[in-house]
Amino acid sequence: MLREKVIVTTLTAPMLSSLDRCDRCGAQAYVRVTLGGGGELMFCAHHARQHEDKLREMSASIHDESERLVASSSSSVDGD
């Protein structure tokens, strides 16, 4: 029986999850940075803001989901 080889081209999950951790401090990552050479860095919102200028200078692709922090904190306040 001949089996076809399946090639997966997706390198990263579309959304960050609680399993994704900041490369600087280990907190939950809300920002994924893809570098020009294909490398990837994960940052919490704090460290992403701290390094944002340098990352933009490097023309890194930045996927930012930190708005989820605001949405989750406002929903917990509304629930009281």
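Here, residue 1 is the first one in the sequence, and each next residue gets the next number.
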#### Entry: Criterion side-chain contact (heavy atoms from CB on, under 4.5 Å) against Met42, the qualifying member of Gln28, Arg32, Arg21
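It is Arg32; the other options fail the test.
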
Between atom [atom1] of [X] and atom [atom2] of [Y], what is the distance when rounded to the nearest 0.5 Å?
X     : Y     : atom1 : atom2 : value
His46 : Cys25 : NE2   : SG    : 7.5 Å
Arg56 : Ser61 : CZ    : OG    : 9.5 Å
Arg49 : Cys44 : CZ    : SG    : 8.0 Å
Leu55 : His47 : CG    : NE2   : 12.0 Å

Where [X] and [Y] come nearest, the two heavy atoms and their spacing:
X     : Y     : result
Ile62 : Val31 : CG2-CG1, 3.7 Å
Leu16 : Tyr30 : CD1-C, 3.2 Å
Arg24 : His51 : NE-NE2, 3.8 Å

### Task
Test side chain to side chain contact (heavy atoms under 4.5 Å, CB included) on Glu57 and Glu52 and set out the steps.
CA-CA 9 Å; Glu57 284 176 23; Glu52 182 177 13; over 6 Å; no

